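Note that the coordinates shown come from a computational prediction; the quantities given were computed from them, not determined experimentally. Just so it is clear: chains get the letters A, B, ... in the order the sequence lines come, proteins before strands, and each one is counted from 1.
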There are 2 protein chains.
Amino acid sequence: MDNRAIGVFDSGLGGLTAVRQLHLAMPNENIIYFGDTGRVPYGSRSRRTVLNYARQDVAFLNQHHIKAIVIACGTVSSQVLGDIKAENTIPIVGVVEPTCYAAMRKTKNNRIGIIGTKGTVRSGAYEAKLHTLDPSVHTIARPCPLFVPLVEAGRFQPDDRVTQLVIEEYLAEIRDFDVDTLILGCTHYPLLREAIQAFMGDTVTLIDSGAEAAKYVRKFLDPAQPGKGSTEYYVSDDPDSFDEYAEMFLGEPAGVRAQLVEIASY
Amino acid sequence: MDNRAIGVFDSGLGGLTAVRQLHLAMPNENIIYFGDTGRVPYGSRSRRTVLNYARQDVAFLNQHHIKAIVIACGTVSSQVLGDIKAENTIPIVGVVEPTCYAAMRKTKNNRIGIIGTKGTVRSGAYEAKLHTLDPSVHTIARPCPLFVPLVEAGRFQPDDRVTQLVIEEYLAEIRDFDVDTLILGCTHYPLLREAIQAFMGDTVTLIDSGAEAAKYVRKFLDPAQPGKGSTEYYVSDDPDSFDEYAEMFLGEPAGVRAQLVEIASY
């Protein structure tokens, strides 16, 4: 039994979709969440800056009593996971590996689509992992740079015409490629699930990368003692609007205020 | 004659539209430009974070030999100009005041629209200034949170369907309010000028806030000696893609690489 917390971070609040899954899968665990709301988004920044920011995020979490880190950010996971793992001794779980395992379990026709930020798609990390698991898999990846701004503008209602038009433009080729499985390679994208599912059709399985990472971490952990775990939330911009957004990503109000962190000092 | 440079900063590269105007209006002047590309966008961040970032941007420029600062960022100008002015002795010019003067000169029916980021519109700075200049002016302001992401995704072609749809949604009420003058209160927006003009109609005058600030600063300055001024560019994220974007905002290639700045250390 190990009651130390699980550290989770993301560029912003998208990673709260992973926290939600951690709560469901392991209700006993304590969680420390950091969302870098003062510097979001990471998706279009250079690898160098993403690494710099990720190191500070990890340094902040390491100040707490944690037993593992879940990187609930597709951009960090796909570009700099190796560096972060090499610099730390506790287990570090990114979203790419667990998501690829889940996609390979689900696909029947061996045709998998991947969507993510510019940085994530440019890295080729998902395709590389999928091909390691099965060299015969067929993949297609497309960057969706407007999805994060659309989610952050609260435009995830499935009948939003702008969102529908952007989805159609980004996903038409992937649908035409006849995938039966689509990896949502960014933790913001599950909020667009309904609109994406409507466009792709019911026969396509959507894989939620944050949720898969949350389920996967369980395998590495010495679990906490029975009892309800607590969660602490930290952000790098004014936490005033945190509860409103947290409800959007957690599916319920966080119930507590987030605390402000001067992340650039880590 | 004062050969010290003019410092210009913006949250990202939008402020290069002001640099372009400075070159046109005052070709002799030396310019130091800083674009906070590692932390863009500012528009949806809290006032506290905007002030913190703006202070660092100013501290960086103050390391150079400068005689004035142009804040080519609507979000900073409308929310924290007073703080920045109070903390510095050289002249500081934001975009709000010069833009409001220009709008009042242009309007014939005394009906002016204002568009900007969430932070800019929430501040009410443009309306307040316009009403100071003429208490009888009628104003309407709307935030356009997707405009910056659309520009940064390179989607400013006037026939881009997504951009057209977003413009229609954001600007319909302003058009119906029968304005004859529209303030583009964010230095990214001039890249959408053609599409905005097409929607608003030829009878509406668009006011470019960065350009107005650039023209206005001339009044305060002891000018540089005759001769072609030089420009240095600094950014806070990897400058590799700088030239490509600079061309978009400057209207021509910058011709030099930007230099990287660790802005959080200022």
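The contact between A/Leu260 and chain B is made entirely by side chain atoms (from C-beta outward), counting heavy-atom distances below 4.5 Å. Contacts between B/Val148 and chain A at a heavy-atom distance below 4.5 Å are absent for every atom of the residue.
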Every donor-acceptor pair from chain B to chain A under 3.5 Å, please, each on its own line.
residue	atom	partner	partner atom	Å
B/Thr37	O	A/Arg45	NH1	2.8
B/Gly38	O	A/Arg45	NE	3.1
B/Gly38	O	A/Arg45	NH1	3.4
B/Gly38	O	A/Tyr53	OH	2.5
B/Val40	O	A/Arg45	NH1	3.4
B/Val40	O	A/Arg45	NH2	2.7
B/Arg45	NE	A/Gly38	O	3.1
B/Arg45	NH1	A/Thr37	O	2.9
B/Arg45	NH1	A/Gly38	O	3.4
B/Arg45	NH1	A/Val40	O	3.3
B/Arg45	NH2	A/Val40	O	2.7
B/Ser46	N	A/Asp237	OD2	3.0
B/Ser46	OG	A/Asp237	OD1	2.5
B/Arg48	NH2	A/Glu262	OE2	3.4
B/Thr49	OG1	A/Asp237	OD1	2.4
B/Tyr53	OH	A/Gly38	O	2.5
B/Arg155	NH1	A/Glu169	OE1	3.3
B/Arg155	NH1	A/Glu169	OE2	2.7
B/Arg155	NH2	A/Glu169	OE1	2.6
B/Arg155	NH2	A/Glu169	OE2	3.4
B/Glu169	OE1	A/Arg155	NH1	3.3
B/Glu169	OE1	A/Arg155	NH2	2.6
B/Glu169	OE2	A/Arg155	NH1	2.7
B/Glu169	OE2	A/Arg155	NH2	3.4
B/Asp237	OD1	A/Ser46	OG	2.5
B/Asp237	OD1	A/Thr49	OG1	2.4
B/Asp237	OD2	A/Ser46	N	3.0
B/Glu262	OE2	A/Arg48	NH2	3.4

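Comparing B/Ala264, B/Pro145, B/Ala153, B/Pro149 by heavy-atom pairs within less than 4.5 Å of chain A, the highest count is held by B/Pro149.
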